[in-house]
**Student:** 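Quick one: the structure is below, and I'll ask about it shortly.
Computed from heavy atoms alone, side chains included, the values below leave out hydrogens, waters and symmetry copies.
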Amino acid sequence: MAHESKTVLITGTSSGFGRGAAESLARKGHTVYASMRGLTGKNKAHADELAALAERDNLKLHPIELDVTDEAQVNSAVESIVAKEGRLDAVVNNAGIGGMGVTESFSLDQARAMYETNVFGPLALTKAALPAMRKQKSGLVVNISSGLGRFTMPGIGIYASTKWALEALSESLRYEGSAVGVDTVIIEPGAFKTGFLGNQFDPADADRAADYGPLGDIEANMTAGIQGYFESEHYTGSEAVVDAIVEVIETPQGSRPLRVAVGGDMGPVAEINEQTRGRQQQLLEAFGMKDFAPLA
């Protein structure tokens, strides 16, 4: 089935879900702006690879420089895309950073950095994109959360809290967007091989973990558990998340789900999502907001 070509901006496309989604969407005929930091620096090889792929296969795939923590750069990127294409149909907030370790062992600066990238970055890009989407009376914000946006565990509290914050922002945006023709969708991946484990903060105050016993070495324990899952029959491969992003973008306006849990380990999260849906609608009605679109 053919789909209408859309203009899409994706953050964090140097690797992982963002890289896969950028190529997949471009191959399906969409115009994709694949953003990353360090376009001429640390990520030059990744940007050059995307540019070469676009030229070789005649894809509308454009690598662009974008640091989501730089509000002026975010605004400029969106303005330039809208000026060139005449519209912006979807943004995919995929860029993220994390860290494993007992909460006390992270500095406040590290916590702030996680929030800057995982929460304020998506908020800045969404704010930049919404005026064009409201003018079009159509648009889509896709926020890449995590199973850890619905539950948490030892050693991952700061990262999980950023995803809880992103989930709350996304849900409010979903309600509000129903008044102006803009959908918001949360993708909740489980554990996937994306390079994320190798791109995390090491706790700045690691010596504080010594009194926590075995829990103090939570990174080693958690990494071992994740690697075991990767080798199990339940692991589905990161293409499942890429497919979910593409499917959401190509789903007709107004019929997209609020949350999509992806991964063989995400059954419990899908159950949480289902259990809360009806309660959320009841709360809207209790506060006199029953006219907002129900959560699909």
**Student:** To check you understand the geometry: which heavy-atom pair defines the closest contact between A128 and V78, and what is its length?
**Tutor:** O-CG1, 3.4 Å

**Student:** Under the salt bridge (Lys or Arg N to Asp or Glu O under 4.0 Å) rule, what pairs show up with a residue in residues 61-72, not counting sequence neighbours?
**Tutor:**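 Not a single pair qualifies under salt bridge (Lys or Arg N to Asp or Glu O under 4.0 Å).
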
**Student:** So D183 and Q253, do their side chains get closer than 4.5 Å, heavy atoms only?
**Tutor:** yes

**Student:** With sequence neighbours left out, write down each residue that passes side-chain contact (heavy atoms from CB on, under 4.5 Å) with A111, or none if nothing qualifies.
**Tutor:**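 Here the qualifying residues are I158.
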
**Student:** Using atom types as modelled and distance alone, determine if a side-chain donor or acceptor of T276 lies under 3.5 Å from a backbone N or O of I272.
**Tutor:** yes

**Student:** Return the set of residues passing salt bridge (charged side-chain N to carboxylate O under 4.0 Å, His left out) with E271 (not counting sequence neighbours), or none when no residue passes.
**Tutor:**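 Residues passing salt bridge (charged side-chain N to carboxylate O under 4.0 Å, His left out) with E271: none at all.
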
**Student:** Quick one: pull up CZ in F120 and CG in L125 and give me the separation to the nearest 0.5 Å.
**Tutor:** 15.0 Å

**Student:** Does E247, at its CD atom, have more than 12 non-hydrogen atoms belonging to other residues, nucleotides or ligands within less than 6.0 Å?
**Tutor:**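 Not more than 12 within 6.0 Å, no.
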
**Student:** Quick check: does any side chain N or O of R174 sit under 3.5 Å from a backbone N or O of P257, one acting as donor and the other as acceptor?
**Tutor:** yes

**Student:** Please check this pair: side chain of S255 against backbone of P252, looking for a donor-acceptor N/O pair closer than 3.5 Å.
**Tutor:**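 Answer holds: yes.
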
**Student:** Donor-acceptor pair, S76 side chain versus A72 backbone, under 3.5 Å?
**Tutor:** no

**Student:** Between the side chain of R259 and the main-chain N/O of N273, is any donor-acceptor distance below 3.5 Å?
**Tutor:**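 No.
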
**Student:** For D243, check salt bridge (charged side-chain N to carboxylate O under 4.0 Å, His left out) against everything at least two apart and list the hits.
**Tutor:** none

**Student:** Hey, are K163 and E188 close enough for a salt bridge, meaning a charged N less than 4.0 Å from a carboxylate O?
**Tutor:** no

**Student:** Looking only at heavy atoms, what is the nearest atom pair of V32 and A26, with distance?
**Tutor:** CG2-N, 3.7 Å

**Student:** Please check this pair: side chain of R150 against backbone of V269, looking for a donor-acceptor N/O pair closer than 3.5 Å.
**Tutor:** no

**Student:** Which pair of heavy atoms, one from L88 and one from M133, lies closest together, and at what distance?
**Tutor:**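 Nearest pair, atom of L88 first, then M133: O-CG, 3.7 Å.
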
**Student:** With ILVMFWY side chains joined below 4.5 Å, transitively, what does W164's cluster contain besides itself?
**Tutor:**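 None, because no other hydrophobic side chain comes under 4.5 Å of this residue.
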
**Student:** Among L258, L173, L140, exactly one meets side chain to side chain contact (heavy atoms under 4.5 Å, CB included) together with V185. Which residue is that?
**Tutor:**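 Single pass found, and it is L140.
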
**Student:** Stepwise, does the side-chain contact (heavy atoms from CB on, under 4.5 Å) test hold for M114 with F201?
**Tutor:** CA-CA 9 Å; M114 280 189 249; F201 283 120; 3.9 Å; yes

**Student:** Does Q110 use its side chain to pair, donor to acceptor, with the backbone of D202 at less than 3.5 Å?
**Tutor:**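 At least one qualifying donor-acceptor pair exists.
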
**Student:** Shared ILVMFWY cluster between L50 and F17, side chains joined below 4.5 angstrom?
**Tutor:** yes

**Student:** Between A47 and P63, what is the shortest heavy-atom contact and its length?
**Tutor:**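 Shortest heavy-atom contact: O-CG, 3.6 Å.
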
**Student:** What salt bridge (Lys or Arg N to Asp or Glu O under 4.0 Å) pairs are there with at least one residue in residues 107-129, not counting sequence neighbours?
**Tutor:**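 For residues 107-129, and leaving out neighbouring residues, the salt bridge (Lys or Arg N to Asp or Glu O under 4.0 Å) pairs sorted by first residue read D109-R112.
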
**Student:** Check salt bridge (charged side-chain N to carboxylate O under 4.0 Å, His left out) between E104 and all other residues, then give those that pass, not counting sequence neighbours.
**Tutor:** R208

**Student:** Would you say the side-chain atoms of R277 and Q280 include a donor-acceptor pair closer than 3.5 Å?
**Tutor:** no

**Student:** Are the side chain of S178 and the backbone N or O of Y175 linked by a donor-acceptor pair below 3.5 Å?
**Tutor:**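 Yes; at least one donor-acceptor contact below 3.5 Å.
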
**Student:** Is the closest side-chain heavy-atom distance between M36 and L66 below 4.5 Å?
**Tutor:**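 When only atoms from C-beta onward are counted, L66 and M36 do not touch, as no gap falls below 4.5 Å.
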
**Student:** Could you pull out all donor-acceptor pairs under 3.5 Å where a side-chain atom in residues 89-102 meets a protein atom, sequence neighbours excluded?
**Tutor:**
| from | atom 1 | to | atom 2 | distance (Å) |
| --- | --- | --- | --- | --- |
| D89 | OD1 | R87 | NE | 2.7 |
| D89 | OD1 | R87 | NH2 | 2.9 |
| D89 | OD2 | T7 | N | 2.8 |
| D89 | OD2 | R87 | NE | 3.3 |
| N93 | ND2 | N143 | OD1 | 2.8 |
| N94 | ND2 | T11 | O | 3.2 |
| N94 | ND2 | G12 | O | 2.9 |

**Student:** Using every non-hydrogen atom in the two residues, find where G157 and T152 come nearest and quote the distance to one decimal.
**Tutor:**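 Smallest heavy-atom distance, with atoms named: CA-OG1, 4.1 Å.
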
**Student:** If you group Ile, Leu, Val, Met, Phe, Trp and Tyr whenever their side-chain heavy atoms sit less than 4.5 Å apart, what else falls in with F287?
**Tutor:**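 Its cluster partners, ordered by chain and number, are L283.
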
**Student:** Does N43 reach the main-chain N or O of R37 with its side chain, forming a donor-acceptor pair under 3.5 Å?
**Tutor:** yes

**Student:** Supply the atom-to-atom distance L61 CG to T13 OG1, rounded to the nearest 0.5 angstrom.
**Tutor:** 8.0 Å

**Student:** Among residues at least two apart in sequence or on other chains, which ones pass salt bridge (charged side-chain N to carboxylate O under 4.0 Å, His left out) with K84?
**Tutor:** none

**Student:** Any idea which heavy atoms bring T31 and S5 closest together, and the distance?
**Tutor:** N-OG, 4.1 Å

**Student:** Who pairs with Y33 by ring pair (Phe, Tyr, Trp, His ring centres under 6.0 Å), at least two apart in sequence or on another chain?
**Tutor:**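 Y33: ring pair (Phe, Tyr, Trp, His ring centres under 6.0 Å) contacts with H62.
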
**Student:** Quick one: which residue pairs count as a side chain to side chain donor-acceptor pair (under 3.5 Å) with a foot in residues 49-58, not counting sequence neighbours?
**Tutor:** R19-E49, R27-D57

